[in-house]
S.K.: 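To start, I am sharing the structure in question, which I have written as structure tokens.
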Amino acid sequence: MYVNGAYKMVDLGYVKEIKEASVVFIVDAGEIEVEVGAVTKDVIEMINQADEEALIPLDVKEKAVILDGEPA
């Protein structure tokens with residue numbers, strides 16, 4: 001993906017659980033819990049409601065959700 005104009009490798013994860021201030025994702029390496037803000041949480045909830053099998057781009061090293069990138 002391109003994030004902020006630069007190419008970046010991302011991991012893709014399924015939403016397992018949405019918590020109060022974080023989201024648990026299932027990724028190749030297992031599970032990862034990512035802290036998210038209210039706006040990001042709302043967007044992830046909307047995506048998950050529309051398609052429970054949607055893949056969300058993640059930066060596993062930084063434990064961050066990437067919602068503003070473009071596919072490479």
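We number each residue from 1, following the sequence as shown. What you see is a predicted model, and the numbers here were worked out from it, not measured in a lab.
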S.K.: For Lys8, check salt bridge (Lys or Arg N to Asp or Glu O under 4.0 Å) against everything at least two apart and list the hits.
M.R.: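 With neighbours one apart ignored, the set is Asp59.
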S.K.: Once rounded to the nearest 0.5 Å, what's the spacing between atom CZ of Phe25 and atom NZ of Lys16?
M.R.: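 Nearest 0.5 Å value for the CZ-NZ distance: 13.0 Å.
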S.K.: Answer yes or no: is there a donor N or O on one side and an acceptor on the other, between the side chain of Lys19 and the main chain of Val24, under 3.5 Å?
M.R.: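 Not confirmed, Lys19 side chain does not pair with Val24 backbone.
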S.K.: If you draw a 6.0 Å radius around CG in Asp51, do more than 12 non-hydrogen atoms from other residues or ligands fall strictly inside?
M.R.: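 Yes - once you tally the heavy atoms of other residues, nucleotides and ligands closer than 6.0 Å, there are more than 12.
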S.K.: Give me the atom names and distance for the closest heavy-atom approach of Tyr2 to Tyr7.
M.R.: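 It is CD2-N, 3.6 Å.
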S.K.: Among all residues two or more places apart in sequence or in another chain, which pass the salt bridge (Lys or Arg N to Asp or Glu O under 4.0 Å) test with Glu35?
M.R.: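 Glu35: no salt bridge (Lys or Arg N to Asp or Glu O under 4.0 Å) contacts found.
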S.K.: Show the nearest heavy-atom pair for residues Glu20 and Lys41, with the distance to one decimal.
M.R.: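 Residues Glu20 and Lys41, closest heavy atoms: O-NZ, 3.3 Å.
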S.K.: The criterion is salt bridge (Lys or Arg N to Asp or Glu O under 4.0 Å); which residues satisfy it with Glu45, sequence neighbours excluded?
M.R.: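 None.
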S.K.: Could you walk me through whether Val23 and Val65 pass the side chain to side chain contact (heavy atoms under 4.5 Å, CB included) check?
M.R.: CA-CA 9 Å; Val23 179; Val65 177; 5.9 Å; no
S.K.: Measure across Pro57 and Val10 and return the closest heavy-atom pair with its distance rounded to 0.1 Å.
M.R.: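 Smallest interatomic distance, heavy atoms only, reads CB-CG2, 4.2 Å.
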S.K.: Could you give the distance from CD (Glu53) to CG (Asn48), rounded to the nearest 0.5 Å?
M.R.: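 Going from the CD atom of Glu53 to the CG atom of Asn48 covers 10.5 Å.
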S.K.: Distance from Ile47 atom CD1 to Leu55 atom CG, nearest 0.5 Å?
M.R.: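 Result: 11.0 Å between the selected atoms.
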S.K.: Once rounded to the nearest 0.5 Å, what's the spacing between atom CG of Asp11 and atom CD1 of Ile56?
M.R.: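 Atom-to-atom, Asp11:CG and Ile56:CD1 are 13.5 Å apart.
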S.K.: First locate atom CD1 of Ile44, then atom OG of Ser22, and finally report the distance between them rounded to the nearest 0.5 Å.
M.R.: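 Answer for the CD1-OG pair, Ile44 versus Ser22, is 10.0 Å.
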